[in-house]
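Throughout, numbering of the chain's residues begins at 1 and tracks the sequence.
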Amino acid sequence: MKSIVKNKENLYLIFILILASALRFYDAFNIPFTHDEFSALFRLNFESFSELIEKGVKIDAHPAGVQVFIYYWIKLFGASSFSVKFPFILMGIASIYFLWLLAQKWFNTTVAIIVTLLLSTLEFPLMHGQIARPYVSGMFLSLWMVYHWQAYLFDSKSKWNKHWILYVLLSSLAAYNHHFSLLFAAIVGVSGMLFIDKNRLIAYVAAGLLIFALYIPHLPIFFYQLSIGGIGGSEGWLGVPESDFLWQFIRYAFNFSWPLLTLVLIVFILSYYQALKNKEGEFKLVSILFAWFILPFLIAYYYSIYLNPIIQYSLLLFTFPFLLLFLFAFVKDVSDKYRVLLILLFLPILSFTTIYERQYYHLFYHSSYKEIVDESIMFQDDKKENVLSVFDSPRKISDHYLDNNISDIAPVYVNDIEDRSSFIGLINNEEIWSVSYGMDAQADAVIPFILYDHFPVVEKRIDYNQGNFYIFSKEGHAEIGRGEKMYRNVLFHNNFEVEVDYWKYDSDKCIPCDSLSEEKCYEFKKGQEWGVSFEIPFDSLVYEKNDLIDISFDVLSYQEKDELLIVTELYSGEEDIDWRSTRCSDFKTDTLRKAFRVYHSIKLSDIVIPKKGVYLKVYAWNKGKTQIKIDDFSIKLRIGNPVLYGLLDKIE
């Protein structure tokens, strides 16, 4: 240790490793599992290795490496959050160490300080450094493998040595870790052909053949996963990437911070300008670093477009350190005084953007799954009687947290309810005064709309990353002085009494709702398919990107043979941006009178909407062409969750 401290340059490394460790181990015993981690843990309860492979690995989209590692790790150290995450946190810190070694070896200490400081503090590597999935492990193995790859190619002359052995072993581990760390290992192997001398060519090719041979036992799993389509496709949750995916990744990776991006861009331009002007630097190596980052991206991007959507930001973590090296490769080494100034320049921006602007610890450490359970228990204990707790989140995850709480709460799970009409029948119970509702990001967006319509006081609302919690109460039963705003001041309502802007319909078809009332409703005549529509330029609405549009109307007459739908369209010119419909029969219950209300919601956060030239159209489609009466057509703008995707999107 004394020899390390005596070396001034290693003091910077020690400082950065301490910083990285502090950020990753902060409140480490309370870091919740993510959805992906739960998914992996739920696929570990097997009694044999072969059963683990068949039922826990093959059905997933990842190689066996991490799943097998966790399977045996928890047998030794338990399945607590800290225990499971601990080795992955260490791998994230070790990644910073190997990046330092590579940056110093290839460039200089100043470059090493900048790139390791970024890898230590940016939200992207920090978050994945606290998740027990094959991303931080893939980055760690990739950096460690490249370290021995370069040591074999450039630091030694012997054909067979420890670096050759470790390069083979680490490449094999990368192959078993993730399909894209396998791809990266292959790209690195091929790029080595540009540097290897003729005397060691056979040994280098032998290394590649041995890496492949070590992967052969995994080939049946690889081909099986390839055959079932992985996580993309028509039944997957990933969509086709947008054309600006790479730019959005860059923004995300650098914390959506314009000051930070500007600083990086200035340093990049000035350093490259000087290198080109003075014809200094290892341009061949820098080109390789860029290729290491861009080739996996391009393969994933075009595979996602033409074959099967697989690309997501986490896939680029394996090569992100090499992007950093590429960006700062030509920064000249400076004296200790200026190195300290660099740290003082970068560190405040990085710390502020990650901890405060990105709200990293607040969002990541408050799992919607756990918070929903905790809040529901407090609600149940507080209200005692005439209440209902509803969960719209994965049951196994909620049960995991319920099992760790001493409570007699018996929540209703939306997934256990047959359909929407059954849900409405459930909450129409006159004895229920208040409902707590916890939802994740994949929940049915119309449920809060329905609940608010029946329980019009929002006593509590909490926004989480990937979820929400509400307490809805009936008027007269809510706590005095409490109430959250549910909607923006945007309401387009048509009760068919007078003409209203943006609405199109034949006023001659507006008739008295019944013989005893002067109030009017709209009647679809038999054989009539179209009748009532609403259309407005979308940019005239003042909304946030995570808001929702709620549409409802009352159906005053409905028979089993009827087929009426609410339809919404977002379009620009001839292009359909979003089209969706809701069957009105979904909301008719046997417990209701003949008249009933239907609901439809658009979740704007899940739609890519151009900034100009977009129109919103809403209409009733009498697909069955039967005689039907409707009334009180309403369109409202619901306040969305600003941090719903806060760990991936810009928070506004």
Side-chain angles (χ1 to χ4, degrees), residues 33-92 94-95 128-142 144-145 165-186 207-232 236 310 314-315 317-318 394-397 399-400 403:
F33 286 127
T34 63
H35 185 280
D36 282 354
E37 288 172 303
F38 273 119
S39 176
L41 291 171
F42 293 152
R43 289 181 283 107
L44 291 174
N45 191 24
F46 305 112
E47 295 183 358
S48 67
F49 180 80
S50 60
E51 192 178 11
L52 170 68
I53 296 300
E54 288 298 319
K55 299 180 181 179
V57 173
K58 290 180 71 173
I59 62 171
D60 192 28
H62 302 108
V66 169
Q67 194 71 1
V68 171
F69 171 78
I70 297 176
Y71 178 75
Y72 288 107
W73 178 267
I74 65 174
K75 286 183 179 294
L76 294 172
F77 302 104
S80 70
S81 171
F82 178 77
S83 172
V84 173
K85 291 174 180 287
F86 180 73
F88 293 86
I89 293 175
L90 292 182
M91 283 187 267
S95 298
H128 285 287
Q130 293 182 307
I131 299 176
R133 296 304 294 136
Y135 303 108
V136 69
S137 56
M139 180 176 69
F140 165 66
L141 291 169
S142 296
W144 195 8
M145 176 265 293
I165 295 171
L166 286 169
Y167 165 63
V168 169
L169 291 177
L170 292 167
S171 295
S172 299
L173 288 174
Y176 277 86
N177 174 81
H178 193 284
H179 299 311
F180 270 77
S181 54
L182 161 64
L183 173 65
F184 177 68
L209 293 174
L210 183 54
I211 293 167
F212 177 74
L214 290 171
Y215 187 72
I216 288 174
H218 198 276
L219 285 176
I221 297 173
F222 173 80
F223 287 120
Y224 178 82
Q225 291 177 337
L226 198 63
S227 70
I228 62 175
I231 57 177
I310 60 169
S314 54
L315 288 185
L317 184 65
F318 310 135
R395 183 169 193 145
K396 290 183 74 173
I397 298 178
D399 285 349
H400 166 83
D403 291 342

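A ring-centre distance under 6.0 Å is found for His179 and Phe222. A distance of 6.0 Å or more separates the ring centres of Phe184 and Phe180.
Remark: side-chain polar atoms of His218 are paired, donor with acceptor, to backbone N or O of Ala64 under 3.5 angstrom. Between the side chain of Gln225 and the main chain of Val57, a donor-acceptor pair closer than 3.5 Å is present.
Side-chain contact check for Phe42 versus Ile397: some heavy-atom pair is nearer than 4.5 Å. Counting only heavy atoms from C-beta outward, the side chains of Ile53 and Phe46 never approach each other to under 4.5 Å. Counting heavy atoms from C-beta on, the side chains of Ile70 and Phe88 come closer than 4.5 Å. Between His178 and Leu315, some side-chain heavy-atom pair lies under the 4.5 Å cut-off.
Summarising the geometry, atom CD1 belonging to Ile59 is positioned 8.0 Å from atom OH belonging to Tyr224; distances are rounded to the nearest 0.5 Å. Note that CD1 of Ile211 is 9.5 Å distant from CG of Leu170, once rounded to the nearest 0.5 Å. To the nearest 0.5 Å, atoms CD (Gln67) and CD1 (Ile221) are separated by 11.0 Å. To the nearest 0.5 Å, atom OG of residue Ser181 and atom CZ of residue Phe318 are 4.5 Å apart. Between Ile131 atom CD1 and Thr34 atom OG1 the span is 5.0 Å, to the nearest 0.5 Å. Residue Ser81 holds its OG atom at 9.5 Å from CG of Leu41, rounded to the nearest 0.5 Å.
In plain terms, the two heavy atoms of Tyr176 and Pro63 that are nearest each other are O-CB, 3.1 Å. Ser39 and Arg43 make their closest contact through O-NE, 3.2 Å (heavy atoms, listed as atom of the first residue, atom of the second, distance). Of all heavy-atom pairs spanning Leu214 and Ser172, the tightest one is CD1-OG, 3.1 Å. In terms of heavy atoms, Gly78 sits closest to Ser83 at O-OG, 3.1 Å. Closest heavy-atom contact between Tyr71 and Ser48: OH-N, 3.8 Å. Closest approach of Pro87 and Trp73 over heavy atoms only: CD-CZ2, 3.6 Å.
By the neighbour-count criterion of 12 heavy atoms within 6.0 Å, atom CG of Asp399 is densely surrounded, having more than that number from other residues, nucleotides or ligands.
Screening residues 67-85 for salt bridge (Lys or Arg N to Asp or Glu O under 4.0 Å) gives Glu37-Lys85 as the qualifying pairs, with residues at least two apart or on separate chains.
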Using distance only, find each side-chain donor-acceptor pair of residues 133-140 under 3.5 Å and give its atom names and separation, not counting sequence neighbours.
| residue | atom | partner | partner atom | Å |
| --- | --- | --- | --- | --- |
| Arg133 | NH2 | His62 | ND1 | 3.4 |
| Tyr135 | OH | His62 | NE2 | 3.3 |
| Ser137 | OG | Asn177 | OD1 | 2.5 |

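Ring pair His400/Phe38 is perpendicular by interplanar angle, where above 60° counts as perpendicular and below 30° as parallel.
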